[in-house]
Trainee: 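Can you read through this structure? Questions will come right after.
Naming convention: chains lettered A, B, ... in sequence-line order (proteins, then strands); numbering from 1 in each chain. Keep in mind that the numbers below use all heavy atoms, side chains included, and drop hydrogens, waters and symmetry copies.
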Amino acid sequence: MAQIPAGRLATYGQIAELIGAFGCARQVGWALRRLPLPSAVPWHRVVNAQGRISMSPGREGSDWMQIALLRAEGIPVDAAGRLPLRRYLWNPALPSVDASGDPG
DNA sequence: CATTTGACGCTCT
DNA sequence: TAGAGCGCCAAAT
């Protein structure tokens with residue numbers, strides 16, 4: 001997850017596939033839930049495949065924190081937690097050269 | 001050991 | 001675009 005460049009987004013399934021656990025998106029969410037905050041890993045760059053922040057009462061507001069962190073990185077996030085995943089989706093295969101370019 | 005739940009994802013309608 | 005159903009694995013009860 002630390003490989004995700006700033007201003008980019010990745011999905012739970014993407015992270016799972018990246019570590020060789022295809023289809024185990026839930027386990028990624030499980031790990032993120034166990035993640036102590038504040039954390040050194042950019043957990044806020046991980047969203048669901050729907051392009052929305054996965055909100056849950058168990059997060060105790062960390063979902064809203066995620067919105068704030070993403071906005072701070074230049075990613076427009078809707079009040080409902082929706083964001084343009086198509087444009088900011090990170091490609092693990094690429095050497096993260098597009099971190100500075102326009103996602104367009 | 002069986003059941004329920006969870007920061008997910010795809011398919012069908 | 002929105003909703004329901006199923007699959008997935010691990011944890012909690």
Trainee: For a 4.5 angstrom cut-off between non-hydrogen side-chain atoms, does A:L89 reach A:T11?
Mentor: yes
Trainee: How long is the line joining CG of A:L18 and P of B:dC8, in whole Å?
Mentor: 19 Å
Trainee: May I have the distance from A:E17 (atom CD) to B:dC10 (atom P), rounded to whole angstrom?
Mentor: 10 Å
Trainee: Determine the Euclidean distance between corresponding P atoms of C:dC6 and B:dA7; express it in Å to zero decimal places.
Mentor: 22 Å
Trainee: Given that A:G23 and A:R82 both sit by DNA chain C, which one's nearest nucleotide is further toward the 5' end?
Mentor: A:R82
Trainee: Using a 4.5 Å cut-off on heavy atoms from C-beta on, say whether the side chain of A:W90 contacts that of A:Q3.
Mentor: yes
Trainee: Is there side-chain contact between A:L32 and A:V46, with at least one heavy-atom pair below 4.5 Å?
Mentor: yes
Trainee: Does any non-hydrogen side-chain atom of A:L37 lie less than 4.5 Å from one of A:W43?
Mentor: yes
Trainee: For DNA chain C, which nucleotides open and close the run of contacts to chain A, 5' to 3', at under 4.0 angstrom from a non-hydrogen atom?
Mentor: C:dC8 to C:dA11
Trainee: Quick one: A:N48 CG to B:dC8 P, roughly how many Å, whole number?
Mentor: 6 Å
Trainee: In this structure, which one of A:R71, A:R52, A:Q66, A:R82 forms a side chain to side chain contact (heavy atoms under 4.5 Å, CB included) with A:V77?
Mentor: A:R71
Trainee: I need the residues from residues 24-37 of chain A with at least one non-hydrogen atom less than 4.0 Å from DNA chain B; give them sorted by number, or say none.
Mentor: A:A25, A:R26, A:G29, A:L32, A:R33
Trainee: Salt bridge check, A:E73 against A:R45: does any charged N sit closer than 4.0 Å to a carboxylate O?
Mentor: yes
Trainee: CZ of A:R59: more than 12 outside heavy atoms within 6.0 angstrom?
Mentor: yes
Trainee: Within this structure, what is the CD-to-P distance between A:E60 and B:dG6, rounded to whole angstrom?
Mentor: 14 Å
